[in-house]
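The chains referred to below are lettered A, B, ... by the order of the sequence lines, with proteins before strands, and numbering in each begins at 1.
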Protein chains: 2
Amino acid sequence: MPDVATIEDVATRAGVSVATVSRALRGLPHVSPATRERVSRIAAELDYRPNPHASRLAAGRSGTIGIALPLLNSWFYGNVLAGVETVLSDDQLDMHLVTVGGREAMERFVSGLPSLSKQVDGLVIVDVFMPDQLWEDLAGGNLPVATVGIDVGRFDSVLIDNLKAARGAVAHLLELGHRRIGFIGGAIGESVEMESAEERRRGRVMALADLGIDDDNDLQMAGNFSVDGGREAMAQLLAGPQPTAVFCASDEMAIGAMQAVADAGLSVPDDVSIVGFDDQPVAAALGLTTVHQPVSAIAARAAAMVLDRVGGLDAPPIRLEVATRLEVRRTTASTI
Amino acid sequence: MPDVATIEDVATRAGVSVATVSRALRGLPHVSPATRERVSRIAAELDYRPNPHASRLAAGRSGTIGIALPLLNSWFYGNVLAGVETVLSDDQLDMHLVTVGGREAMERFVSGLPSLSKQVDGLVIVDVFMPDQLWEDLAGGNLPVATVGIDVGRFDSVLIDNLKAARGAVAHLLELGHRRIGFIGGAIGESVEMESAEERRRGRVMALADLGIDDDNDLQMAGNFSVDGGREAMAQLLAGPQPTAVFCASDEMAIGAMQAVADAGLSVPDDVSIVGFDDQPVAAALGLTTVHQPVSAIAARAAAMVLDRVGGLDAPPIRLEVATRLEVRRTTASTI
DNA sequence: CTGAAAGCGCTTACAG
DNA sequence: CTGAAAGCGCTTACAG
């Protein structure tokens, strides 16, 4: 990588101007076939690569798409990245990753937004909660944005109906005869709470209300979307309010909950029924009843929407809702 | 984000030159406190942000670190990303992600390297196999590089001893009395095979050899590092050579294998013992015996090494080997 | 079809 | 301590 050849070198050697080299190499019109051929050959010989910063500075486009998400080490976000990646790689676009977990990181993200908007051609924002004002600012810019898991109205978004999905999952437990149905969700009281966790929480309350059952707040626990968090939350539920079933906002937490049940010498589903959310491959392997959502397809759609905007699409924001389904497996059983 | 204020605007308004603004804002010396204060205030008022492309073009540094890895949607690589992220965010550095799975993507990666090396200040390469010539080319450039999971000699690297870890895992099975010990690894015959999978495979063979047991090739299966792959591989082993124990090169595959055993109406560990690799949280929850490795710490170290080089460290390549340990849990048992 | 030139928005010697 | 100016390597009207 003795980084060398500039456009100037190519131009000199080809006996043309840098303008012509630029046009020839980018496939722009108004270049004679012969010239284009010669320039291309010489560029190849010299192993010339345009300096991306120079291109971007001059052209105003960057060839990279940004993606902002709360964390990296979870099945869900890994698949989000994979989904985005598939569509970016088709267009040879690069991916600029920014993690926005917690208050401090969010502030940095927000204050870096003006810079970021010069570095990327578009932005996919996943589950990042921000004050309304910031969304407004973002909308004021001209950066194409699509959101996943949040619906801000001003941008393209792809979503699942968390409320409905959760309601359906809990309805399943109700049909099986359960009445004391716990919930394990995100970090309760966190200012940067994830919207989806909150909606799933509310979905459970609604399902209970559908049958005229009053919610018991003691049955709601924070599980931080981790296996360990799920296990600890479940241990507390078992030690205290003792639900007969628990709905978890992620498979990870559900798996932790299963562990806690086993640790307590109890059995799933004989003593406690458990439902997860996501349907990652491990869920199927464990026979976990869970809500299936097509994560990487969702992320891919969002990325495609951003690219459409980058390509010049001018239309009102599109809101795409993707279906989920309950996969009933072996961790849920009737109470009798 | 009505992207506006340039360094020129700030200079004009502050009544100084752009050079002074540049110095003042970057904390460079030779700026009077009064001037610096005034410039900073005005920059803030104007919400001025340096255009990163201009900075990079002029300064030759990019403020971003690249990371190349084979895939995104696995526990392992998610944690790699998280580990890198922690150290980058301390230095306000950005992360440029490139996925290099499969032959085609690798070719694109390689041909894009000259460009990439202008876009990033350093590069972390994880488990990406490349022809020797390419490593040599890379080394010829002046881009700081650290590798994870591969040892090229010319670059800083952080590694675990896969051979030893695998050997230890299989030795554990041998001690329990197992003799027909299967292996489920990566994609056999893939040209872009992962080095780690290959080493783990060889570790098993060595452990067998230690006891004078000849390897039975029929006991080796491809599992593609996925739950489904592990399940299918195990199903074939059960249908054919019927090992009494299986060592899997990842927890995901081990979990798939456990499912296959259950599907066959058999029990773990009574009929078949299973060992995984990674020790992701789900492994503990399932009681999976597995090889523990500190993934995000490994990745964080590699990132830190790159940053040291970016910072000017000039020293021979550092090779850091990180310890693993076998976590014996409930999926392995004695044959009697 | 092609070129000369301005311009993108910074940084960095070089003077002073 | 500060400024004028060149330069980073491209792209893009504008002429021709």
- Task: Between B:S32 and A:E8, name the one whose nearest nucleotide on DNA chain D is closer to the 5' end.
- Result: B:S32
- Specify the residue among B:L57 and B:S17 whose closest nucleotide of DNA chain D lies further upstream toward the 5′ end. B:S17
- Message: Counting only heavy atoms from other residues, nucleotides and ligands, does the tally under 6.0 Å from CD of A:E8 exceed 12?
- Response: no
Do the side chain of [X] and the main chain of [Y] share a donor and acceptor less than 3.5 angstrom apart?
X	Y	value
A:R38	A:A14	yes
B:S62	B:R56	no
A:H53	B:K118	yes
B:R36	B:A24	yes
B:D121	B:G63	yes
A:D156	A:I318	yes
A:S22	A:V18	no

- Message: Testing B:V80, B:V98, B:V148, B:V306 one by one against B:I67 for a side-chain contact (heavy atoms from CB on, under 4.5 Å), which residue passes?
- Response: B:V80
- Message: Pairs counted only when both distances fall under 3.5 Å, Watson-Crick or G-U: show me the 5' to 3' dot-bracket for DNA chain C, [ ] for pseudoknotted crossings and | for other-strand partners.
- Response: |||.||||||||.|||
- Query: Counting only distance, no hydrogens or angles, is the base of C:dG9 paired donor-acceptor with the side chain of B:R49 under 3.5 Å?
  - Reply: no
Rounded to the Å, how far apart are [X] [atom1] and [N] [atom2]?
X	N	atom1	atom2	value
B:L28	C:dT11	CG	P	9 Å
B:H53	C:dG7	NE2	C1'	16 Å
A:R26	D:dC10	CZ	C1'	9 Å
A:N51	C:dC10	CG	C1'	13 Å
B:L46	C:dG9	CG	C1'	15 Å
A:R56	D:dG9	CZ	C1'	13 Å
A:H30	C:dG3	NE2	P	15 Å
A:L25	C:dT2	CG	C1'	16 Å

- Item | Any side-chain heavy-atom pair of B:M95 and B:L81 under 4.5 Å | yes
- Report which part of the nucleic acid A:A59 touches: base, sugar-phosphate, or nothing (heavy-atom distance under 4.0 Å, all strands). sugar-phosphate
- Message: Looking at C:dT2, I'd like to know if its phosphate oxygens (OP1 or OP2) sit under 4.0 Å from a side-chain N or O belonging to A:T20.
- Response: no
- Under 4.0 Å from any atom of DNA chain D, heavy atoms only: list the residues of residues 34-45 of chain A that qualify, in numerical order. none
- Quick note, B:A54 side chain, CB onward, closest among C:dC8, C:dC10, D:dT2 is C:dC10
- Task: With the side chain of A:R23 defined as its heavy atoms from C-beta on, choose the nearest nucleotide among C:dT2, C:dC10, D:dC10.
- Result: C:dT2
